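Have a look at the structure below before the remarks.
Every value quoted in this text rests on a predicted model; they were computed, and no experiment measured them. Just so we're on the same page: letters track the sequence lines, and every chain starts at 1. What you see below is based on every heavy atom in this structure, not just the backbone, and it leaves out hydrogens, waters and symmetry mates.
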Amino acid sequence: MKVLMKNINKSFYGVPVLKNVNFELDSGEVHALVGENGAGKSTLMKILTGIESKNSGEIYIDGKEINVKNVIEGMKLNIAFLHQELNALPNMTIWENMFLGRYIKNKMGFLDVDQMKKIASSKLKEVGLDIDVDSLMGDIPIGLQQLIEIASALLWNKKTIILDEPTSALTAREIKILFDTINSLKKEGVSFIYITHRLEEIFTICDRVTVLRDGEIIGTRKIKDVIIEDIIKMMVGYEMTERYPKTDHKPGAVVLEINDLSKSGYYQNINFNLHQGEVLGFSGLMGSGRTEIMQTIFGIIHPDSGEIKVAGKSVKIKSPIDAKKYGIGYITENRKEEGIVLDFSVVDNMVLPNLKEVLNKVKMVDHKLEKELTKKYIDKLDIKTGDINNKIKTLSGGNQQKVVVGKWLATSPMILILDEPTRGVDVGAKYEIYEIINELKKSKVAIIMISSELPEVMGMSDRIAVMHEGKLKSILSKKDFNQEKIMTLSTGGK
Amino acid sequence: MNKVKDFLGKNTALVGLIVLILIITVIDINFIQISNLSNVLRQVSINGLIALGMTFVILTGGIDLSVGSIFALTGAVLTKMLLSGVDPVIAIILTLILGALLGLVNGVLISYGKLQAFIATLGTMTLYRGITRVFMDGRPITGFKSDLVNEIGRGYFLGIPIPTIILIIAIIIVAFILKKTIFGKEVYAVGGNETAARFSAININRVKMKVYTISGFLTTIASIILASRLNSTQPNAGMGYELDAIAAVVLGGTSLAGGRGRVFGTVVGILIIGFLNNGLNILGVTSFYQDVVKGVVILLAVLIDRKK
């Protein structure tokens with residue numbers, strides 16, 4: 001299926017978000033669509049699928065002009081839009097999810113369960129999944145759910161599949177399965193539009209890349225003609241000489257000691273030290289126990305055995321309240337679920353762990369102090385927000401993330417744990433977050449950074465701890481950083 | 001003009017209240033007399049106090065179905081103590097402590113017991129009602145003698161009924177707590193996103209225990225007012241009060257999902273229910289039809305709020 005979008009214009013409340021956008025997708029092509037948050041990628045895709053209407057422009061599918069007016073009409077097109085947040089129903093089985101709303105009936109008018117199960121399981125095989133269709137969707141790892149969604153798209157004869165950040169929650173192994181599936185479907189003429197912030201991936205899987213910036217197309221290039229720096233330059237509009245800012249700061253004394261920490265089912269016999277002014281990277285696949293160790297240090301999970309020492313003293317951390325008391329801050333990987341209160345304003349989010357800091361003389365919350373504290377960190381972290389009383393959900397992902405960083409900086413932490421700090425954050429904001437991390441290093445904060453992006457963890461860390469299935473395999477120092485070695489260790493090799 | 005429009009758009013419940021008062025006044029001018037209004041304000045104090053406590057609970061995303069039973073049990077204990085000659089001041093203090101403790105039990109079940117609020121308070125609703133009936137042997141307790149206690153429900157201060165004064169003071173304190181204290185901010189945070197609140201080093205369990213304790217406490221004040229007015233307590237006292245309180249909170253625009261809402265809204269909700277009850281009485285509508293009208297009003301109000 002060939003898609004051609006010509007001179008698409010769209011504005012919201014008089015603000016143009018797409019300006020004369022041209023986009024083209026060939027049949028059997030994987031076409032990357034990249035750009036910073038707010039560049040217009042999602043809007044363009046929503047127009048293609050009828051979720052949003054365009055102000056002007058034309059859309060052709062296989063040479064025929066189409067005019068989608070609403071979502072229902074959009075659904076009739078053979079285009080599937082797999083959203084970033086999957087819409088699966090966890091308490092229903094796989095086949096029920098796949099046939100949701102479009103069940104097959106038998107002659108009697110009842111559900112033809114056998115038929116549906118048979119079709120579901122054969123479609124799943126096409127995407128390389130041999131799995132019981134009676135399993136509950138909620139019991140399936142998120143990575144496989146993605147593949148199941150692709151299988152349902154095939155089931156409904158979709159010839160074009162839009163993938164929005166498909167790998168953000170996948171393990172390396174699941175990513176490989178996904179890529180293999182894409183490659184084999186491609187040969188059958190299925191096309192993909194691939195939206196991602198992980199630019200490295202584009203080079204493994206895509207044929208062409210189109211870059212959007214501020215609602216305009218900056219260009220479309222063949223992947224084999226570009227390198228990653230070219231794409232970044234097109235995205236941000238200026239040359240970014242270093243993707244990871246350098247610092248020559250040297251780590252100081254040990255502030256955190258983890259001795260033989262174990263939690264059955266999550267991690268075993270974990271030992272490591274963390275120094276002042278150091279970034280200790282944590283690498284490993286999803287589910288290797290990285291997040292669980294950090295949540296233990298933060299008091300969310302309670303260990304079966306082992307010892308945590310903060311500043312030389314053995315401590316029991318029973319809750320985040322204790323953790324905060326010992327100067328530990330935790331920036332979670334699930335921003336929307338654990339990091340912020342979406343309905344709260346920027347101010348209210350920022351002061352949440354700092355309410356004691358904004359009390360006046362009679363111990364009452366003082367709005368002026370709240371504003372001062374918020375402004376301080378908005379300036380410090382260069383957070384782009386209109387009115388600080390606006391709800392945080394009106395901010396871009398990168399700016400929301402900076403608010404989360406800000407609220408923990410305001411607690412003056414001695415140890416700061418960053419769990420996937422740049423997930424879903426665009427290139428420009430990523431660089432700013434890296435600079436903030438280096439600033440913190442200089443002010444002697446000890447930092448643990450979990451990251452699934454190898455270039456990032458190698459670019460930012462002083463040492464890297466590699467985990468595999470609950471075990472800490474090795475802690476590499478800077479001179480031993482090597483992409484291949486980390487991959488090997490994190491997949492169980494020596 | 002735009003500002004006025006904006007304000008009214010955000011306060012549909014208030015608009016509803018004004019329209020309601022106008023309609024009843026047009027039909028029967030007696031409604032607007034000072035004596036009647038003061039009567040309404042005294043009547044709403046009971047549901048009002050319960051609804052204020054319910055506001056805290058609902059803001060955290062919870063619900064308290066046990067308030068009606070707490071109302072009965074505390075009333076029974078108070079009247080019994082007064083009849084047995086306990087000093088009125090001490091009896092009132094003990095009753096208030098009891099009410100707070102009954103609420104605390106809900107809080108513990110919900111926070112440490114990890115029960116859903118609906119289930120936990122459904123359980124205690126039945127339990128407390130049962131204890132009340134056992135305690136009273138199914139019969140009303142009447143005829144205590146205490147001028148001081150009677151004054152709480154029947155008295156006036158500067159021409160204003162004392163229950164109304166108690167309600168107004170409670171409203172001011174509650175509004176102040178929600179707006180100006182750490183606890184108030186925590187209440188909204190727990191309702192807005194419990195996980196994020198926990199990850200922000202907020203003691204979720206303590207917040208939950210506090211809101212149910214407050215609910216029990218405010219309900220007990222309401223119970224003391226009624227016992228003092230009637231000079232007695234019935235084993236079936238307070239039945240269905242939880243629903244009136246929830247209705248008032250919801251009418252005021254507070255989200256049952258938690259995290260969103262204001263005391264001002266609840267106050268408007270209380271007044272709507274109060275004026276509606278009183279207006280329908282004045283207009284001679286029978287009690288069966290009153291329920292029909294009340295149900296329709298609640299549904300309309302929530303529907304209009306949804307539309308926004």
query = What's the shortest heavy-atom distance between Phe199(B) and Tyr330(A), and which atoms?
reply = CE2-CE2, 3.3 Å
remark   = Okay, Thr332(A) and chain B: the region with an atom under 4.5 Å from a heavy atom over there is side chain
ask   = Would a 4.5 Å heavy-atom cut-off, applied to side chains only, mark Ile300(A) and Arg198(B) as touching?
value = yes
key: Residue part contacting chain B, namely of Lys356(A), when any heavy atom lies under 4.5 Å   = both
ask   = With a 4.5 angstrom heavy-atom cut-off, which part of Tyr188(B) approaches chain A: side chain, backbone, both or neither?
value = both
request  = Could you check which of Val358(A), Thr411(A), Leu352(A) has the highest count of heavy-atom pairs closer than 4.5 Å to chain B?
outcome  = Leu352(A)
key: Taking every non-hydrogen atom, the tightest pair across Ala201(B) and Trp408(A)   = CB-CH2, 4.5 Å
query = What pair of heavy atoms forms the shortest contact from Val341(A) to Ala189(B), and how long is it?
reply = CG2-O, 4.5 Å
Within-4.5 Å side-chain heavy-atom neighbours: Glu370(A) and Lys185(B) = yes
ask   = Does Asn203(B) reach the main-chain N or O of Ile321(A) with its side chain, forming a donor-acceptor pair under 3.5 Å?
value = no
key: Rounded distance [0.5 Å steps], CD1 in Ile202(B) versus OG in Ser319(A)   = 12.0 Å
request  = Measure the shortest side-chain to side-chain distance between Glu338(A) and Thr195(B) over non-hydrogen atoms and say whether it is less than 4.5 angstrom.
outcome  = yes
query = What part of Asp348(A) lies closer than 4.5 angstrom to a heavy atom of chain B: side chain, backbone, both or neither?
reply = side chain
ask   = Can you tell me if Asn193(B) uses its side chain to pair, donor with acceptor, with the backbone of Leu342(A) under 3.5 Å?
value = no
